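Worth saying up front: this structure is predicted, and the values here are computed from it rather than measured. Each ligand, and each atom within it, is numbered from 1 in the order the structure gives.
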Amino acid sequence: MQYISTRGQAPSLDFEGVLMAGLARDGGLYVPEHWPAMTPGQIADLAGQSYSRVAAAIMQPFVEGAVPASDMAALVDKAYGRFTHPAVAPLVQLDDNVWLLELFHGPTLAFKDLAMQVLGLLMDRSLRRMGRRATILAATSGDTGAAAVEAFKGREAIDLFVLFPDGRISAAQRRQMTTAGAGNVHPVALRGTFDDCQGIVKALFNDHAFRDAFQLSAVNSINWARIMAQAVYYFTAAVALGAPHRRVSFSVPTGNFGDIFAGYVALRMGLPVERLIIATNANDILARTLATGRYEPRPVVATASPSMDIQVSSNFERLLFEASSRDSGRVRTLMDEFAVHGSFTLAEPELAGMRNVFAATRVDEAETREALATLYRNSRYMADPHTGVGLAAAAKLKGNSSVPMIVLATAHPAKFPDAVEDATGALPEKPERLHTALSGQEDFSVIEAEPDAVRRFIAERSRLNLANPTL
Ligand SMILES: *Cc1c(COP(=O)(O)O)cnc(C)c1O
């Protein structure tokens with residue numbers, strides 16, 4: 001499979017190229033040059049297979065030419081062997097036709113593990129084959145950093161640096177990143193905000209000499225391999241509820257638009273999806289865009305679902321590319337307009353195309369709390385606040401449709417005990433894994449939120465530098 005940039009001015013790359021590149025050189029995002037198609041018969045054959053088998057089948061066309069099927073099968077077995085539920089992503093029935101898809105049985109108790117575990121193994125495999133090393137640099141406000149630490153700790157070819165804002169994430173989130181006890185993992189608390197962390201990551205990626213010397217690589221949700229791995233659970237869930245013979249809908253707690261775009265990928269591959277609901281918290285840029293056609297960020301507000309406190313949804317560009325019938329010139333025009341004016345407006349056919357598949361709604365804090373409280377009252381089930389946003393959005397938009405509605409449960413409630421207790425009056429039980437992280441020995445550095453300070457820090461610790469003393 002070859003990959004092309006949404007902005008049409010970067011070279012096309014094979015899978016290993018996009019795996020390591022992250023962002024395209026023209027500022028665009030990589031997408032497959034065509035969508036691999038699954039026939040209804042092939043989808044029906046997924047029924048009753050293990051999660052790993054389905055994962056290998058769904059991902060194989062995307063890695064074709066770069067990773068042989070036997071390697072891919074072994075790799076996903078290893079990745080999903082670390083999950084504590086035998087089904088990996090089990091469905092829980094809540095109502096006649098409302099279901100929760102539990103995506104929090106991985107090492108860090110949030111859905112990001114499902115893709116990050118695969119990404120870690122794929123990157124390590126490619127680098128070792130090429131005899132190369134890489135430095136992964138990530139800014140995190142919580143879940144991504146923890147998932148990356150668990151995916152990359154102990155990997156021979158990779159050094160990981162995660163930057164987080166000192167004192168501005170929860171102790172549990174920090175401990176999940178700082179108790180790994182692996183020499184190749186470097187958690188760094190910056191004396192600044194999350195925006196400072198992100199700004200420094202951008203600055204170092206734009207410093208091409210530094211970027212090349214340390215072979216910087218990115219693992220945020222613009223990395224295609226993450227999207228590809230997330231498409232898998234849309235298949236397992238839909239097939240468990242009767243696809244391809246029955247259509248299903250999904251409600252997806254959305255921030256950067258990565259997870260829900262994976263649902264769109266599943267649809268384009270042939271999965272009969274009726275509707276994809278974009279569930280946003282008070283940071284509702286996508287709900288406003290679907291309503292008015294105008295994409296215009298507002299200042300970020302803090303909510304009880306912090307992993308969705310995002311106003312610029314990077315992966316939305318991938319949908320723009322599809323909605324404009326893959327017109328990279330049109331994507332460039334819109335993104336230039338965005339860079340200059342801070343907003344853009346979709347054309348009527350583009351908006352109509354999106355509304356054919358997607359619906360969107362904003363869920364405020366009181367509605368989220370109410371969704372968690374009602375669920376707990378009716379079925380003693382505790383959901384986390386991100387999942388609460390998805391539940392409330394599903395309730396608002398479901399109508400009296402008989403199509404099964406699958407709400408993605410993106411984090412374990414024990415990761416957000418305060419919000420859960422506030423809504424339900426009870427505290428979620430901590431899984432064993434969280435206990436381990438909470439009681440482990442912490443190890444991290446605190447440095448100034450300055451690009452030069454981070455540059456020096458990486459240069460001192462990267463094993464790449466040791467291998468190349470002239471740097
Ligand atoms: C990252 C995250 C989301 C948002 O996912 P996107 O792919 O950014 O839309 C939702 N819930 C939780 C718990 C997350 O960690």
> In terms of atom number and element, which parts of ligand 1 are under 4.0 angstrom from non-hydrogen atoms of T254?
Replying inline: 9 (O)
> Picking from L334, L346, V331, what satisfies side chain to side chain contact (heavy atoms under 4.5 Å, CB included) with S324?
Replying inline: V331
> Looking only at side chains, do N315 and N256 share a donor and an acceptor under 3.5 Å apart?
Replying inline: no
> Looking only at protein heavy atoms, which one is nearest to atom 7 (O) of ligand 1, and how far off is it?
Replying inline: D259 N, 2.9 Å
> How about R294 and T289: does a side-chain donor come under 3.5 Å of a side-chain acceptor?
Replying inline: no
>> Polar contacts were defined as any N/O atom of the residue lying under 3.5 Å from an N/O atom of the ligand; does this apply to H386 and ligand 1?
In response: no
>> Could you identify the single nearest non-hydrogen protein atom to atom 8 (O) of ligand 1 and state the distance to 0.1 Å?
In response: N256 N, 2.7 Å
> What is the nearest protein non-hydrogen atom to atom 13 (C) of ligand 1, stated with its residue, atom name and distance?
Replying inline: T410 OG1, 3.4 Å
> Short list, please: which atoms of ligand 1 are under 4.0 Å from a heavy atom of D143?
Replying inline: 13 (C), 14 (C), 15 (O)
> Out of D95, V407, N97, which one pairs with K398 under the side chain to side chain contact (heavy atoms under 4.5 Å, CB included) rule?
Replying inline: N97
> Taking the non-hydrogen atoms of F111, is any one of them nearer than 4.0 angstrom to ligand 1?
Replying inline: yes
> Quick one: do the T108 and D113 side chains pair a donor with an acceptor below 3.5 Å?
Replying inline: yes
>> Using a 4.0 Å cutoff against the non-hydrogen atoms of A411, which atoms of ligand 1 qualify?
In response: 13 (C)
>> Please list, in number order, the atoms of ligand 1 under 4.0 Å from a heavy atom of G255.
In response: 4 (C), 6 (P), 8 (O), 9 (O)
> Could an N or O of ligand 1 be found under 3.5 Å from any N or O of G258, whether backbone or side chain?
Replying inline: yes
>> Run the salt bridge (charged side-chain N to carboxylate O under 4.0 Å, His left out) test on D143 and K415 for me, step by step, so that the C-alpha distance in whole Å, both residues' side-chain angles and the decisive distance to 0.1 Å come before the verdict.
In response: CA-CA 10 Å; D143 294 337; K415 282 196 95 165; 2.9 Å; yes
>> Is it the case that the side chains of T144 and N220 hold a donor-acceptor pair, with the cut-off being a distance below 3.5 Å and no angle test?
In response: no
> Out of curiosity, F235 CZ to I43 CD1, how far, rounded to the nearest 0.5 Å?
Replying inline: 5.5 Å
> Counting each atom of ligand 1 from 1 as listed, which ones have a heavy atom of K112 under 4.0 Å away?
Replying inline: 1 (C), 2 (C), 3 (C), 14 (C), 15 (O)
>> Any atom of ligand 1 sitting under 4.0 Å from a heavy atom of P253?
In response: yes
